[in-house]
S.K.: 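Below are the structure tokens for one structure; questions will follow.
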Protein chains: 2
Amino acid sequence: MSSEGPGEPDVRRRLIELAADVLGDEGPAALSARRLARDAGTSTMAVYTHFGGMPGLVQAVVAEGFRRLFDRVAEVELTDDPIADLAAAAAAYRANALANPHVYSVMFGSASLGEYRLHDEELEVGIAAFQQLVGLIERAMAAGALRRDDPAPVAAQFWTALHGYVVLEIADFYSMFDDPEAQVLQPLLGRLLAALR
Amino acid sequence: MSSEGPGEPDVRRRLIELAADVLGDEGPAALSARRLARDAGTSTMAVYTHFGGMPGLVQAVVAEGFRRLFDRVAEVELTDDPIADLAAAAAAYRANALANPHVYSVMFGSASLGEYRLHDEELEVGIAAFQQLVGLIERAMAAGALRRDDPAPVAAQFWTALHGYVVLEIADFYSMFDDPEAQVLQPLLGRLLAALR
DNA sequence: CATGCTGCCATAACGGCGTTATGGTCCTGG
DNA sequence: CCAGGACCATAACGCCGTTATGGCAGCATG
């Protein structure tokens, strides 16, 4: 391995973080190989040696976004109230998404369509994140807080509601509500869980 | 001179429909003023005289997408079972979204972020579509099929769940389920409505 | 040690993109 | 009849992603 100076990590890492920063600060339109290469002090060829092209770089940013989302949710401390833990996990999920709305949008918005589709790397992390939620649901069922059922579809329903809310909040479609988190998200998740009792 | 016959409507209309077709068939990456102008038998300047630029054209396509979505949902025939009508409306919503997944993605995905944000035209149609759902919820409450409550937040919760499902189905995130519509969407909406009884 | 090889990146070019400037051709209203 | 405006064709500017080419370090091999 090449010894890397403390202030100058490897180029691959720098490009990913720079891309995530530009995406977060200025949106997808500002992402360009030339711009990133200039800011990283290298040339556009670095994008091709490390990622094979611009879609590959975006894919790496998406994979990083999934990893961070997974970590944020994994950091919530579990209590003896599995329902409260589900709410805390949802809050962490939402907070992370709202902190990086453009990254979240690219993760799911263009994740499948034209551009590049998701590859093994993101898929693996995505599955791990979903299994994390399945575990929380199973735990609630084992504790008797939720009716016993196949946990995977229940987790998918929970995640679907949460994801739908986050997307619409990011896209600013709740402008007619004072406090959409209290008026939409919490009742939605609460009622879903209530019907699962 | 080639004056326009009955099969050659005005250029503005042709550009919108061509853009929607290209978007649906080949995805957002294939959308370009030059390509559309070539296919429409005109020059790129037509895009600027009619829409002020490429974002304006996309905005027109989005507005058209909202209008079509609204119409499809409005076409469902109401019965004397308001809960069944809600399910029928959701099915029409999903069917229209899956028939034009790229258009749906542009409507909500990049609807707010960097590119162009939604303007008065789309906002107006979007509000009308939402009021349509509020009316269905109100009707179910009046008939005693749902508990009396402020219908707008309830409609938002229903729409949030439905939208979240459609987005994830389009992005192909339900690959671990045989029949996601039966395993995720229907239980999710059914349980939400059950908790609202 | 010399040698060739491989990974990595700088430079420059190609085609395509959105956009703008300019000018021409109609159609319309006075 | 003619002035003006709506509409579009042409060409150019500066971006973009991508590719071809070449230089240069590090390293394994003879």
Side-chain angles (χ1 to χ4, degrees), chain A residues 1-5 7-23 25-62 102 106 110-111 113-117 119, chain B residues 1-5 7-23 25-62 102 106 110-111 113-117 119:
Chain A
M1 287 302 177
S2 64
S3 71
E4 54 209 22
E8 290 278 353
D10 60 314
V11 179
R12 176 186 164 88
R13 190 80 216 145
R14 278 221 313 280
L15 283 176
I16 292 181
E17 300 189 350
L18 254 174
D21 288 347
V22 171
L23 191 57
D25 294 346
E26 309 180 37
L31 263 190
S32 83
R34 286 177 153 89
R35 153 82 181 275
L36 292 177
R38 197 174 350 108
D39 291 5
T42 178
S43 81
T44 62
M45 274 309 297
V47 174
Y48 290 83
T49 59
H50 288 289
F51 306 98
M54 206 55 191
L57 203 169
V58 175
Q59 180 179 325
V61 172
V62 168
H102 288 113
V106 173
S110 101
L113 304 177
E115 317 298 282
Y116 65 99
R117 287 202 162 268
H119 271 35
Chain B
M1 59 172 271
S2 78
S3 80
E4 52 192 44
E8 291 278 352
D10 59 316
V11 179
R12 176 186 165 89
R13 191 80 217 146
R14 279 221 312 281
L15 283 176
I16 292 180
E17 299 189 350
L18 253 175
D21 289 348
V22 171
L23 190 57
D25 294 345
E26 309 178 39
L31 263 191
S32 83
R34 287 177 153 89
R35 153 73 179 280
L36 292 176
R38 197 175 348 110
D39 291 4
T42 177
S43 82
T44 62
M45 274 308 299
V47 174
Y48 290 83
T49 60
H50 289 290
F51 306 97
M54 208 53 191
L57 202 169
V58 174
Q59 180 179 325
V61 172
V62 167
H102 287 114
V106 173
S110 101
L113 303 178
E115 316 299 280
Y116 65 98
R117 286 200 163 270
H119 271 34

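Throughout, protein chains are lettered first and strands after them, A, B, ... in sequence-line order, and every chain is numbered starting at 1.
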S.K.: Can you tell me if A:Ser43 touches the phosphate of C:dC9, counting only side-chain N or O atoms and a distance under 4.0 Å to OP1 or OP2?
M.R.: no

S.K.: If I take atom CZ in residue B:Arg38 and atom C1' in nucleotide C:dC17, what distance separates them, rounded to the nearest angstrom?
M.R.: 12 Å

S.K.: Please report the distance, rounded to the nearest Å, between CG in A:Leu57 and P in D:dC16.
M.R.: 14 Å

S.K.: In whole angstrom, what separates B:Leu36's CG from C:dG18's C1'?
M.R.: 12 Å

S.K.: Tell me what A:Ser32 touches on the nucleic acid: a base, only sugar-phosphate, or nothing, going by heavy atoms under 4.0 Å.
M.R.: sugar-phosphate

S.K.: I need the CZ-P distance between B:Phe51 and C:dG18, as an integer number of Å.
M.R.: 14 Å

S.K.: Rounded to the nearest angstrom, tell me the gap between atom OH in B:Tyr48 and atom P in D:dA12.
M.R.: 18 Å

S.K.: D:dC8, OP1 or OP2 - any side-chain N/O from B:His50 closer than 4.0 Å?
M.R.: yes

S.K.: Between C:dT19, D:dG17, D:dT18, which nucleotide gets closest to the side-chain atoms of B:Thr44?
M.R.: C:dT19

S.K.: Taking all non-hydrogen atoms of both residues, which atom of B:Thr44 and which atom of B:Ala37 are closest, and how far apart?
M.R.: N-CB, 3.5 Å

S.K.: If I compare all heavy atoms of A:Ile16 with all of A:Ala60, which pair ends up nearest, and what's the gap?
M.R.: CD1-CB, 3.8 Å

S.K.: What's touching nucleotides 22-27 of chain C from the protein side, N or O pairs under 3.5 Å?
M.R.:
none

S.K.: Between B:Arg35 (CZ) and C:dG15 (C1'), how many Å, whole number?
M.R.: 16 Å

S.K.: Closest heavy-atom contact between A:Ala30 and A:Glu26?
M.R.: CB-CB, 3.5 Å

S.K.: Find the distance between CG (B:Leu36) and CD (B:Glu17) and round it off to the nearest 0.5 Å.
M.R.: 12.5 Å

S.K.: Round to the nearest Å and state the distance from B:Arg12 atom CZ to D:dA6 atom C1'.
M.R.: 15 Å

S.K.: Please confirm whether the shortest side-chain N or O distance from A:Thr42 to OP1 or OP2 of C:dA10 is below 4.0 Å.
M.R.: yes

S.K.: I want to confirm an ordering. Mapping A:Thr49 and A:Arg34 to their closest nucleotides on DNA chain C, which one lands closer to the 5' end?
M.R.: A:Thr49

S.K.: Can I get a per-line list of side-chain donor-acceptor pairs under 3.5 Å for residues 46-55 of chain A, giving both atom names and the distance, sequence neighbours left out?
M.R.:
residue	atom	partner	partner atom	Å
A:Thr49	OG1	A:Ala46	O	3.0

S.K.: Please report the distance, rounded to the nearest Å, between CE in B:Met54 and P in C:dC17.
M.R.: 10 Å

S.K.: Tell me the closest heavy-atom pair linking B:Pro28 and B:His102, and the distance in Å.
M.R.: CD-CD2, 3.6 Å

S.K.: For the side chain of A:Val11, counting heavy atoms from C-beta on, which of D:dG17, C:dG18, C:dC9 is nearest?
M.R.: C:dC9

S.K.: Which atom pair, heavy atoms only, marks the closest approach of A:Leu31 to A:Ala19?
M.R.: CD2-O, 3.8 Å

S.K.: Please tell me which of the listed nucleotides, D:dT18, D:dC8, C:dC9, lies nearest to the side chain of A:Ala46?
M.R.: C:dC9

